[in-house]
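Just so it is clear, the values below take in all heavy atoms, side chains as well, and ignore hydrogens, waters and symmetry mates. Since we're looking at a predicted model, the values are computed, not measured.
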Amino acid sequence: MSEEKNLKTYNPATGEQLNTYELMSDKEVKDAVQASHDAYLKWKSKSAEERAKVIKKIGEKLAERKDEMVKLMTQEMGKLLKQGEQEVELCSGICDYTAKNGPEALKDEERELPEGGKGYITYSPIGVIYGIQPWNFPCYQVVRYSIANLMAGNSILLKHAENVTGSALLLEEIYKDAGLPKDLFKVLRISHDQSDDVIKNDLVRGVTLTGSSGAGKKIAQLAGEELKKTVLELGSNDAYIVLEDADLDLAVETCVQGRIYNNGETCVAAKRFIVVDKVYDKFKEAFVEKMSKVKAGDPTKEDSDIGPMAREDLRDQLHEQVEESVKKGAKILCGGKKPEGKGYFYPATVLGDLKPGMPAYDDELFGPVASLIKAKDADDAMRIANSSRFGLGGGIFSKDEEKAHELAKFHFDTGMVFINSFGLAKPNMPFGGVKDSGYGREHGGFGLHEFVNTKAVMFA
């Protein structure tokens, strides 16, 4: 975050500045929190069905303005146009799913009391929910938490990443155009210090963050000191396990896509590739060959496989992780060289001969760098996968679906597991992790219940 009085956005494909946005004053921030609370007091009295109509309309407006949203996301953070289209379509789908299923998920639940009498459980909104969101999915990260909480009857404040400020403001405009009442969704153009003050504001009732594990610890501590609930979706180092009975062609193709999707800048991405000894050499040869052919280029061009990284400092940090791993004995199998010229590009890279203590083994590499690790057998592969401090997602490649199901259910210590596939978010499935990847769940109805008062009402 810039310490100046302005927020600035840049085109990562060229390095050129796009726009400047003035930071809000402390008074403006305080007034925005109050306005959000006042809007909540009116919104919470609406029925779930009434709120669902507005949510559905937001999905329709997102679809109508898809091209505008996609173009801006590509300009601000460098994602491929076609992947931006997929992102906005997913967001429209989340709105549709929430509008359709939200009222049922929020319905009162009746209970018979053991000693006689009756009771019911009601899900009451709690107020202002503050979201701190990253740049890698400028539309989706916001829709993911805001739509569920608006459906639940809460109001939304958003601190988006500085480099996607334009995308944040466009979303605010789209929500308003869809008929969402004034001040229910508000973008805060603020510094980190101002953000801490928002968390401390008595009118803010919940905080949700998507970011690094370091940021998660800080936000959880700040909110915890104020006795406010948090939902944290943090980084990860997702392991994709390739067993000896895997369809290798499928595994290689899927693992390449899982690593380079969104320029490799995805939390729930394939990052570590743990391959059993019997098929390691065959997988390695095919995987390195495909990764070496991945083309980095202009994200607006059809023939580009990946665009630039979102910021120069992020590219430099990734390259430092690669170099540090090499110093400790890792081998570059392809890529690994920072290109000259304009833009924050980095080649698709594969590192081998990895061991604990190397950044490529232990840490999250947030870019198109794959970590290739050999395992003795399935048990060893699972041991290596679970040795990570992270636990967001993971994958298993095996033709024996029953065995894969058993490994996923009983042994994989992550919030999500993909079998013979690579996937992102699904509106009807829970999204979230364990360990240093955070806690809490979004999607699938679970996000509707994260920031509500599950209230018991009992009659004699």
Side-chain angles (χ1 to χ4, degrees), residues 87 90-91 93-95 97-98 101-102 105-106 123 126 129-137 139-152 154 156 158 206-221 223-224 228-240 258 261-262 265-272 364 366 385-386 388-396 408-419 421-452 454:
E87 179 176 343
L90 170 61
C91 291
I94 290 169
C95 293
Y97 178 87
T98 305
N101 296 281
L106 294 168
Y123 299 104
I126 59 174
I129 307 301
Y130 177 43
I132 304 168
Q133 299 302 320
W135 46 264
N136 56 333
F137 289 92
C139 184
Y140 165 68
Q141 299 286 6
V142 177
V143 166
R144 186 169 73 191
Y145 88 95
S146 65
I147 292 301
N149 281 294
L150 289 169
M151 182 69 240
N154 297 317
I156 301 298
L158 165 65
V207 182
T208 179
L209 164 82
T210 299
S212 68
S213 56
K217 290 176 181 178
K218 179 182 177 183
I219 297 304
Q221 181 178 2
K228 296 178 183 180
K229 182 180 179 180
T230 51
V231 168
L232 304 177
E233 194 270 281
L234 308 177
S236 195
N237 194 7
D238 288 7
Y240 274 57
Y261 191 86
N262 203 46
E265 298 167 315
T266 304
C267 294
V268 59
K271 291 168 184 163
R272 290 181 295 154
E364 179 176 37
F366 212 64
N386 287 336
S388 173
R389 67 181 186 275
F390 297 108
L392 187 58
I396 301 171
K409 183 175 182 179
F410 296 108
H411 301 287
F412 224 145
D413 194 11
T414 61
M416 295 168 279
V417 183
F418 302 94
I419 296 175
S421 65
F422 162 70
L424 299 170
K426 306 291 183 187
N428 63 339
M429 294 293 284
F431 188 101
V434 295
K435 300 191 286 186
D436 279 14
S437 290
Y439 49 76
R441 290 296 181 269
E442 294 169 304
H443 294 322
F446 294 89
L448 290 169
H449 292 158
E450 286 287 359
F451 291 107
V452 294
T454 304

- Query: Who pairs with K217 by side-chain hydrogen bond (donor to acceptor under 3.5 Å, both in side chains), at least two apart in sequence or on another chain?
  - Reply: none

- Message: If the condition is side-chain hydrogen bond (donor to acceptor under 3.5 Å, both in side chains), which residues does T210 pass it with, not counting sequence neighbours?
- Response: Q133, R144

- Message: Given Y145, which partner from the list L150, V231, I156, L209 fulfils the side-chain contact (heavy atoms from CB on, under 4.5 Å) test?
- Response: I156

Which pair of non-hydrogen atoms, one from [X] and one from [Y], has the smallest distance, and what is that distance?
X	Y	result
K435	N386	NZ-O, 3.2 Å
A239	F412	O-CZ, 3.5 Å
T208	I129	CG2-CG2, 4.5 Å
V434	D413	CG2-O, 3.4 Å
K229	E450	NZ-O, 2.6 Å
L392	G432	CD1-C, 3.5 Å

Taking [X] for its side chain and [Y] for its backbone only, find out whether a donor-acceptor pair lies under 3.5 Å.
X	Y	result
D238	G393	yes
S437	G235	yes
N154	F451	yes
H449	Y123	no

What is the distance from atom [atom1] of [X] to atom [atom2] of [Y], rounded to the nearest 0.5 Å?
X	Y	atom1	atom2	answer
L232	S213	CG	OG	10.5 Å
E442	M429	CD	CE	15.0 Å
F446	F431	CZ	CZ	14.0 Å

- Task: Please work out whether the ring planes of W135 and F366 are parallel, tilted or perpendicular, with thresholds of 30° and 60°.
- Result: perpendicular

- Message: Go through it in stages, so that I can follow the logic: the residues are Y439 and T230, the test is side chain to side chain contact (heavy atoms under 4.5 Å, CB included), and I'd like the CA-CA distance, side-chain angles, deciding distance and then a yes or no.
- Response: CA-CA 8 Å; Y439 49 76; T230 51; 2.6 Å; yes

- Message: Set out, in order, the CA-CA distance, both residues' side-chain angles and the distance that settles side chain to side chain contact (heavy atoms under 4.5 Å, CB included) for T266 and F137, then state yes or no.
- Response: CA-CA 8 Å; T266 304; F137 289 92; 3.7 Å; yes

- Could you check R389, R272, K271 and say which one makes a salt bridge (Lys or Arg N to Asp or Glu O under 4.0 Å) with E364? K271

- Query: Step by step, would you call N262 with N136 a side chain to side chain contact (heavy atoms under 4.5 Å, CB included)?
  - Reply: CA-CA 8 Å; N262 203 46; N136 56 333; 3.9 Å; yes

- Message: Is there a side chain to side chain contact (heavy atoms under 4.5 Å, CB included) between L448 and T98? Walk through the geometry before answering.
- Response: CA-CA 9 Å; L448 290 169; T98 305; 4.3 Å; yes

Could you tabulate the donor-acceptor pairs under 3.5 Å formed by side-chain atoms of residues 421-428, not counting sequence neighbours?
residue : atom : partner : partner atom : Å
S421    : OG   : I419    : O            : 3.4

